[in-house]
Amino acid sequence: LFKTAALDSSFTALKEDMQYCCVDPSDPHANALGKLMPPGMVMLAWPTAQIKPIYERLNIKLCNGEEAMVNLIIPRLPKICAEDDDGKASAPFLLELHAYACIDRAPAVIRAASQTAFVSSEDATRVATPLEFTSPAGRCAAEFRETLGAFLPVWWMQQNDKYMEMLHALGMLPVLSASMILLCALDLDTLAGAQKTVPANPDSAMSVPELAEALRRKSYELVEEFARAAEEVWPKKSADMQRPETSGLLALPAPSVEDHRKAMQSLLEDAEPG
């Protein structure tokens, strides 16, 4: 029998279908990791010098906290989060991931988690990596929430500030990508068409004035978002930027209208679904 690492530790027999691990007790995350109970895995107490050869012979992994997160916890996050309806079961694992990603800023943990598809979408249509989502805090994302349901994190992640901070640290976009902007533009075009055909019926789901106001808000936020994306292609020069000394330097020609057209075309092509 082997002693478990939990505070209310007990003794357990090793099973073939389980994975066993020990985290160095000198690691600052050892206590927190010892409380985690990921599926298919058991944390055991750190062995004494006399017992250590037995652990190694039985292939019980001896590691530090980062190694445990990267190799044992993060690979199990997709299953943990997928089976969680309200975020309660995932909480201890995600809070520990937040500690590594946002407090310690551990590169190995951030890299592993950013490449792991463990985030469910708000509309429950897909599970993807953090960098495939956008922040629900953006004004354009808020206006096109129904359109962007597949690109917003699941609702219970949105309601936790630490989860949002963690997702941003793992690569979640603070603004809309080119493909998301294109989706919103298509939705706006549909809404504009509906405005021409909607009956002036006060009992309808959305009256003409309400539809017009929704169209105005969406148009404004989408133009702002598109302008931001366009500025990434050709940044504006600062008005008060002093002219640099060009003596002895090779002067490059300013971008032509055709150059700007090609850059914008490239932005739109990147937005087209592959």
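Given the structure is predicted, the values throughout are model-derived calculations rather than measurements. Atoms considered below: every heavy atom in the structure, side chains included; atoms not considered: hydrogens, waters and symmetry mates.
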query: Using the ring of each side chain (for Trp, its six-membered ring), is Tyr100 parallel, tilted or perpendicular to His29, with breaks at 30° and 60°?
result: parallel

query: Which is it for Cys140 and Glu224 under the side chain to side chain contact (heavy atoms under 4.5 Å, CB included) test, yes or no, and what are the steps along the way?
result: CA-CA 8 Å; Cys140 193; Glu224 287 288 307; over 6 Å; no

query: Quick one: does Leu176's side chain get under 4.5 Å of Leu148's, heavy atoms only?
result: yes

Euclidean distance, Leu183 CG relative to Phe151 CZ, rounded to 0.5 Å: 5.5 Å

- request: Could you tell me whether the side chain of Thr134 and the main chain of Val175 form a donor-acceptor pair under 3.5 Å?
  value: yes

- prompt: About how many Å separate CD1 of Ile110 and CD of Glu66, when rounded to the nearest 0.5 Å?
  reply: 9.5 Å

message: When you measure from the side chain of Arg76 to the backbone of Leu72, do you find a donor-acceptor pair of N or O atoms at a distance under 3.5 Å?
response: yes

Glu165 and Lys162 ion-paired at < 4.0 Å: no

query: Is it true that Glu132 and Arg126 have a side-chain N and a carboxylate O under 4.0 angstrom from each other?
result: yes

message: Between Glu122 and Arg145, does any NZ, NE, NH1 or NH2 come within less than 4.0 Å of an OD or OE carboxylate oxygen?
response: yes

query: Is the CZ atom of Arg139 crowded by more than 12 outside heavy atoms at less than 6.0 Å?
result: no

- request: Indicate yes or no: at least one non-hydrogen side-chain atom of Met172 is less than 4.5 angstrom from one of Ser135.
  value: yes

task: Look at Glu83 together with Lys79 and state whether they make a salt bridge at an N to O cut-off of under 4.0 Å.
output: yes

query: Which heavy atom in Ser121 sits nearest to a heavy atom in Ala150, and how many Å separate them?
result: CB-O, 3.5 Å

task: Enter the distance from Leu215:CG to Leu188:CG here, rounded to the nearest 0.5 Å.
output: 5.5 Å

- prompt: How far apart are the closest heavy atoms of Leu152 and Ala141, and which atoms are they?
  reply: CD2-CB, 4.4 Å

field: Where Ser90 and Cys81 come nearest, the two heavy atoms and their spacing
entry: OG-CA, 3.5 Å

task: Would you indicate whether the side-chain heavy atoms of Leu173 and Met180 approach each other to under 4.5 Å?
output: yes

message: Using modelled atom types and a 3.5 Å cut-off, is there a donor and acceptor pairing between side-chain atoms of Gln158 and backbone atoms of Pro153?
response: yes

- request: Could you grab the distance from atom NE2 of His98 to atom CG of Asp104, nearest 0.5 Å is fine?
  value: 10.5 Å

task: Keeping the roles fixed (side chain from Asp84, backbone from Ile80), state whether a donor-acceptor pair exists under 3.5 Å.
output: no

query: Can you tell me how far the CE atom of Met69 sits from the SG atom of Cys63, to the nearest 0.5 Å?
result: 11.5 Å

task: Output all residues satisfying ring pair (Phe, Tyr, Trp, His ring centres under 6.0 Å) with Phe133, sequence neighbours left out; order by chain, then residue number.
output: none

query: Under a 4.5 Å side-chain heavy-atom rule over Ile, Leu, Val, Met, Phe, Trp and Tyr, are Leu222 and Tyr220 clustered together?
result: no

message: Within the 4.5 Å heavy-atom criterion, are Trp156 and Asp85 side-chain neighbours or not?
response: no

- prompt: Do you know the tightest heavy-atom contact between Pro130 and Phe118?
  reply: CG-CE2, 3.8 Å

message: Would a single hydrophobic cluster contain both Met164 and Val109, if residues Ile, Leu, Val, Met, Phe, Trp and Tyr are joined by side-chain heavy-atom contacts under 4.5 Å?
response: yes

message: Rounded at 0.5 Å granularity, tell me how far NE2 in His168 sits from SG in Cys102.
response: 10.0 Å

message: Less than 4.5 Å apart, side chain to side chain, heavy atoms only: is that true for Lys61 and Gln19?
response: yes

query: Linking I/L/V/M/F/W/Y whenever their side-chain heavy atoms sit closer than 4.5 Å, directly or via other members, would Leu131 and Tyr163 fall into one cluster?
result: no

- prompt: So if you build clusters from Ile, Leu, Val, Met, Phe, Trp, Tyr with side-chain heavy-atom gaps below 4.5 Å, do Leu167 and Leu95 land together?
  reply: yes

task: Flag the pair Leu77 / Leu97 as yes when at least one side-chain heavy-atom distance between them is below 4.5 Å, and no otherwise.
output: yes

query: Looking only at atom types and distance, does a side-chain atom of Asp27 sit under 3.5 Å from a main-chain N or O of Asn64, one as donor and one as acceptor?
result: no

message: Would a single hydrophobic cluster contain both Val127 and Met157, if residues Ile, Leu, Val, Met, Phe, Trp and Tyr are joined by side-chain heavy-atom contacts under 4.5 Å?
response: no

- prompt: Can you tell if the side chain of Thr129 reaches within under 4.5 Å of the side chain of Ser114, non-hydrogen atoms only?
  reply: no

- prompt: So, do Tyr55 and Leu44 sit near enough that their side-chain heavy atoms are less than 4.5 Å apart?
  reply: yes

- prompt: Val23 and Gly65: which non-hydrogen atoms are nearest, and at how many Å?
  reply: CG1-N, 4.0 Å

message: Checking the side chain of Arg217 only, and the main-chain atoms of Glu143 only, is there a donor and an acceptor separated by less than 3.5 Å?
response: no

field: Distance-minimising heavy-atom pair for Leu33 and Glu96
entry: CD2-CG, 4.0 Å

